Enquirer: 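Sharing a structure, written as structure tokens. Questions coming.
If you're wondering where the values come from, they're calculated on a predicted model, not measured in any experiment. Just so we're on the same page: letters track the sequence lines, and every chain starts at 1.
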Protein chains: 2
Amino acid sequence: MNANARDTNQGAASDAEQRQELTREGSSPTFSPLYQQIKALITQSLQTGEWRPGEIIPSEIELASRFKVSQGTVRKAIDDLAAENLLVRRQGRGTFVATHHEDLVQFRFLRLVPDSGEQEHPPSRLIECRRLRAPAEIARQLNLRAGDSVILIRRALDFSDAPTVLDEIWLPGVLFRGLTAERLNDYKGPMYGLFETEFGTRMIRAVEKIRAVAADEAIADLLKVPVGFPLLNVERVSYTYGDRPVEVRRGWYVTTRHYYENELS
Amino acid sequence: MNANARDTNQGAASDAEQRQELTREGSSPTFSPLYQQIKALITQSLQTGEWRPGEIIPSEIELASRFKVSQGTVRKAIDDLAAENLLVRRQGRGTFVATHHEDLVQFRFLRLVPDSGEQEHPPSRLIECRRLRAPAEIARQLNLRAGDSVILIRRALDFSDAPTVLDEIWLPGVLFRGLTAERLNDYKGPMYGLFETEFGTRMIRAVEKIRAVAADEAIADLLKVPVGFPLLNVERVSYTYGDRPVEVRRGWYVTTRHYYENELS
DNA sequence: GAGTGGTCTAGACCACAGC
DNA sequence: CTGTGGTCTAGACCACTCT
């Protein structure tokens, strides 16, 4: 439904368009529930930036009248989007666009936990940040052409002053034009917060492939462990709206005083 | 609410009891929504075995009249339980109790994936199965007293004929009375299926702590890798109804041709 | 008190599976 | 055709937050 290129139009005018696209029940072949269509419309407004991370979105009643459906249908759409962590409901206050400027969200994407004690925000130490042509493997994972411009960031995370994580972060050059070492160093807060606020790219979900590997010389040196030391190797691909891959991240974790936590449910 | 010891009573008689326990809205302090109370009642029926894994549960309309609430309220309760993977909805057929005798469920608990190709069901090779007194650490994790009877199972999983996983599985002796090497060997199907069918203990969720470690001599021998080889070490605690821990599992994975897959969302 | 999300109800109709 | 879950509506009332 409604795969038009709507770009940046928003407000009452575009709502009228949207309304006309809605197909009610009863059109049996290729049937799509109303609330799914509402979900798509809301997602579009998130994607185009009509409502930005951290901001409040219109109330259920307002959205219901805008889309010409009942409040219950809007409610179901929002429930789904909240379950997908795109929106956050706050009783008595309203519904907000999820943002990476929040502890809970950050720890969804940083699963390394100290053996004893609570989660912490390890300081990030930048090693390098430069543009280059995408190697074939990275290009494939980011859905780019080999040779397209990409940005490579290398950094270390120091938990309790001990280097614990080494990250190699690959980003599409086009989306992150203007990202420099200074911008990274000056920014206070989580990197995904920077990406969402300064570059309009929000990471929604990610898939990680985890292995145990032996430290090679370069990595051992940076992590201050012996060559051959067992490390957790985490390869992450992150996706934004529409399941478009926008980050490849390769991490090496020292797991002597930390562990990677995962819940199966 | 309703923390009575109901044990095995079921049917119309117990429903009457249940009904009387329900508190409607408006009792402001310690307010609990009706659908939460319905959730708890349904969970009880799962726990006591009124409806067993794989079986169909009564229709929404039937449950609504049994609990004297509207169908919508039952629906919300079931929606929640389905989201928690305790129930499975099948349109046009009914709602069923989730079971481990299903591929999809099994792969929720086995996250090791071959580099190329689809998920497979690796054959399990039993190494030993014996009863002993719980070491302090295991007792703590299983909420037992040190010295209580526990069962220790050790086994290997052979992916494509190469030993890939070594597991050390600790279970409370009381719950798994009668579990022997023969029972394990004779049983066709997933181990959690055996546990749920033969011992009435259903694993609902689990938490894993993952590290990279070097293979010691004993493990290296069994996995046919050199001593010191980097392995994924996975420590799992599994929980049944009421978040009671009922299994500790320590695994060592060879990740040269497989990886542990995890989705962050 | 006003506004928001959260709960609960009753009823209508649709899509799907199985007889 | 019947019964199941799935969608949608309209309306009432409650709990929470902020002014």
Side-chain angles (χ1 to χ4, degrees), chain A residues 1 19 21-42 51 54-98, chain B residues 1 19 21-42 51 54-98:
Chain A
M1 64 141 294
R19 246 181 266 130
E21 306 289 345
L22 297 181
T23 65
R24 322 298 287 203
E25 272 185 56
S27 50
S28 189
T30 70
F31 157 72
S32 164
L34 251 188
Y35 78 89
Q36 297 271 18
Q37 304 179 43
I38 304 297
K39 266 182 71 174
L41 291 177
I42 294 176
W51 311 313
E55 290 180 1
I56 193 172
I57 73 169
S59 74
E60 295 178 353
I61 294 176
E62 200 172 327
L63 289 173
S65 86
R66 178 199 285 207
F67 296 136
K68 293 277 181 284
V69 299
S70 82
Q71 184 185 355
T73 300
V74 170
R75 165 163 284 271
K76 170 119 184 166
I78 292 179
D79 276 347
D80 268 29
L81 293 171
E84 293 167 23
N85 296 307
L86 294 188
L87 298 176
V88 178
R89 319 194 73 144
R90 296 191 204 286
Q91 178 169 150
R93 303 218 273 136
T95 301
F96 299 78
V97 183
Chain B
M1 63 144 295
R19 246 181 267 128
E21 306 289 345
L22 297 180
T23 65
R24 321 299 287 206
E25 272 185 56
S27 50
S28 189
T30 70
F31 158 73
S32 164
L34 252 188
Y35 78 88
Q36 297 271 17
Q37 305 178 42
I38 304 296
K39 265 183 69 174
L41 291 177
I42 294 176
W51 311 313
E55 290 180 1
I56 192 172
I57 73 170
S59 75
E60 295 178 353
I61 294 175
E62 200 171 327
L63 290 174
S65 85
R66 177 197 286 207
F67 296 136
K68 294 277 183 283
V69 298
S70 80
Q71 183 185 355
T73 300
V74 170
R75 165 163 285 271
K76 171 119 184 167
I78 292 179
D79 276 348
D80 268 29
L81 293 171
E84 293 168 23
N85 296 307
L86 294 189
L87 298 176
V88 177
R89 319 194 72 144
R90 296 191 204 286
Q91 178 170 148
R93 302 219 274 136
T95 301
F96 298 78
V97 182

Enquirer: Grab the CG-C1' distance between Asp79(A) and dC8(C) for me, whole Å please.
Expert: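 One finds 15 Å between C1' of dC8(C) and CG of Asp79(A), rounded.
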Enquirer: OP1 or OP2 of dT9(C) less than 4.0 angstrom from a side-chain nitrogen or oxygen of Thr73(B), does that happen here?
Expert: yes
Enquirer: List in chain and number order the residues that pass side-chain contact (heavy atoms from CB on, under 4.5 Å) with Asn85(A), two or more places apart in sequence or in another chain; answer none if no residue qualifies.
Expert: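 If we apply the side-chain contact (heavy atoms from CB on, under 4.5 Å) test to Asn85(A), skipping adjacent residues, the hits are Arg108(A).
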Enquirer: Return the set of residues passing salt bridge (Lys or Arg N to Asp or Glu O under 4.0 Å) with Arg93(B) (not counting sequence neighbours), or none when no residue passes.
Expert: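 With neighbours one apart ignored, the set is empty.
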Enquirer: What is the distance, to the nearest angstrom, from the CD atom on Gln36(B) to the C1' atom on dA15(D)?
Expert: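 Rounded to the whole Å, the gap is 14 Å.
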Enquirer: In whole Å, what is the span from the CG atom of Leu34(A) to the P atom of dT7(D)?
Expert: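 From Leu34(A) CG to dT7(D) P: 11 Å.
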Enquirer: To the nearest Å, give me how far apart CG (Leu63(B)) and P (dG3(D)) are.
Expert: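 Taking CG of Leu63(B) and P of dG3(D), I get 17 Å after rounding.
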Enquirer: How would you list, by chain and number, every residue that makes a side chain to side chain donor-acceptor pair (under 3.5 Å) with Gln91(B), sequence neighbours excluded?
Expert: none
Enquirer: Please identify each residue that fulfils salt bridge (Lys or Arg N to Asp or Glu O under 4.0 Å) with Lys76(A), with sequence neighbours left out.
Expert: none
Enquirer: Does Gln37(B) use its side chain to pair, donor to acceptor, with the backbone of Ser32(B) at less than 3.5 Å?
Expert: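 At least one qualifying donor-acceptor pair exists.
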Enquirer: Scan nucleotides 1-5 of chain C against the protein and return all N/O pairs shorter than 3.5 Å with their distances rounded to 0.1 Å.
Expert:
| from | atom 1 | to | atom 2 | distance (Å) |
| --- | --- | --- | --- | --- |
| dG3(C) | N2 | Gly92(A) | O | 3.0 |
| dG5(C) | OP1 | Thr95(A) | OG1 | 3.3 |
| dG5(C) | OP2 | Glu60(A) | N | 3.0 |

Enquirer: Output the rounded distance in Å from OH (Tyr35(A)) to C1' (dC8(D)).
Expert: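 The answer, rounded to whole Å, is 12 Å.
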Enquirer: Can you list everything that forms a salt bridge (Lys or Arg N to Asp or Glu O under 4.0 Å) with Glu62(B)? Sequence neighbours excluded, please.
Expert: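 Salt bridge (Lys or Arg N to Asp or Glu O under 4.0 Å) check on Glu62(B) returns nothing, list empty.
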Enquirer: Any side-chain N or O of Lys76(B) less than 4.0 Å from the OP1 or OP2 oxygen of dC8(C)?
Expert: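 Result: no.
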Enquirer: Using atom CZ of Phe67(B) as one end and atom P of dT7(C) as the other, report the distance to the nearest whole Å.
Expert: 18 Å
Enquirer: Nearest whole Å is fine: how far is dT7(C) P from Ile38(B) CD1?
Expert: 14 Å
